[in-house]
Amino acid sequence: MTNPTPASALDQDRWYTRPVFFVADIHRAAQYYIEQLGFAKQWPTDNDAATVCQVHRGECEIILCEAESRVGTGRLFIALTAVALATLRQELASRHVPMADTWWGYDSLQLLDPDGNELLFPEPGYALRLTATAIDRPPETAPVRTGACRALA
């Protein structure tokens, strides 16, 4: 038996991840991601009795799992280019999808699915600008906004 050799060294270190968002109603959740956010259903393709499914948009894949006791505990950061984020904002506005600008360590676009799971789209480049300006001022003068976790000293 031979060991398969990956196409490149990068493939050996590449991690493939998919978050799981817990939802109260799998059909309602899938419908939201497909009709409101522009995702496509990846699997299952024909099982109306399923309590789990996967949706995707581009390289973003999310597993939706019906588990009412764990609803609303998911959070996902999705990085987009400035142009892609502006396009997404326009697309969501045209579909009347509720969205908010929020702070989670940096300015971000926030979407909440019907079960309270959170999708955050950080403003491209903002984290770099924040780091550069924070160096020039003491921590007590740094802006404090709700929603962000604080690191322990």
Step by step, would you call Asn117 with Leu119 a side-chain contact (heavy atoms from CB on, under 4.5 Å)? CA-CA 7 Å; Asn117 294 301; Leu119 289 86; 5.5 Å; no
Apply side-chain contact (heavy atoms from CB on, under 4.5 Å) to residues Leu120 and Ile78 and explain how you reach the verdict. CA-CA 6 Å; Leu120 292 165; Ile78 304 168; over 6 Å; no
Would you sort out whether Trp104 and Phe77 count as a side-chain contact (heavy atoms from CB on, under 4.5 Å), showing the intermediate values? CA-CA 10 Å; Trp104 218 96; Phe77 284 84; 3.3 Å; yes
Please report the C-alpha distance between Cys60 and Leu76 in whole Å, then the side-chain angles of each, then the deciding distance to 0.1 Å, and finally whether the side-chain contact (heavy atoms from CB on, under 4.5 Å) criterion is met. CA-CA 10 Å; Cys60 179; Leu76 176 62; 4.0 Å; yes
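Between Phe39 and Lys41, the closest side-chain pair of non-hydrogen atoms is not below 4.5 Å. Proximity of Leu37 to Leu92: side-chain heavy atoms (C-beta onward) are separated by under 4.5 Å at one or more points. Here the side chains of Thr81 and Pro124 are not in contact, with every heavy-atom distance at 4.5 Å or above. Residues Gln110 and Glu118 have side chains in contact (heavy-atom distance under 4.5 Å, counting atoms from C-beta outward).
Checked against Phe21 for a side chain to side chain contact (heavy atoms under 4.5 Å, CB included), the options Ile62, Thr73, Val71 give a single hit: Ile62.
Remark: side-chain polar atoms of Arg70 are not paired, donor with acceptor, to backbone N or O of Phe22 under 3.5 angstrom. Panel note: side chain Gln54, backbone Trp43; no donor-acceptor pair is recorded below 3.5 Å. Side-chain atoms of Thr87 come within 3.5 Å of backbone atoms of Val83 as a donor-acceptor pair (strictly under, hydrogens ignored). No donor-acceptor distance shorter than 3.5 angstrom exists from the side chain of Asp115 to the backbone of Gly72, with no hydrogens or angles considered. With hydrogens and angles disregarded, a donor-acceptor distance shorter than 3.5 Å links the side chain of Ser108 to the backbone of Tyr106.
Both Leu85 and Val97 belong to a single network of hydrophobic side chains, linked directly or stepwise wherever heavy atoms of I, L, V, M, F, W or Y lie under 4.5 Å apart.
Salt bridge annotation for Glu91-Arg57: present, with a cationic side-chain nitrogen under 4.0 angstrom from a carboxylate oxygen. For Asp101 and Arg89, the salt-bridge test passes: some basic side-chain N is under 4.0 Å from an acidic carboxylate O.
Rounded to the nearest 0.5 Å, atoms CG (Leu109) and OG1 (Thr102) are 9.5 Å apart. If you take CD1 on Ile63 and NE2 on His56, they are separated by 13.0 Å, rounding to the nearest 0.5 Å.
Residues Gly38 and Arg95 share a closest heavy-atom pair of N-NH1, 3.4 Å. Here the closest heavy-atom approach between residue Val52 and residue Ile26 is recorded as CA-CD1, 4.0 Å.
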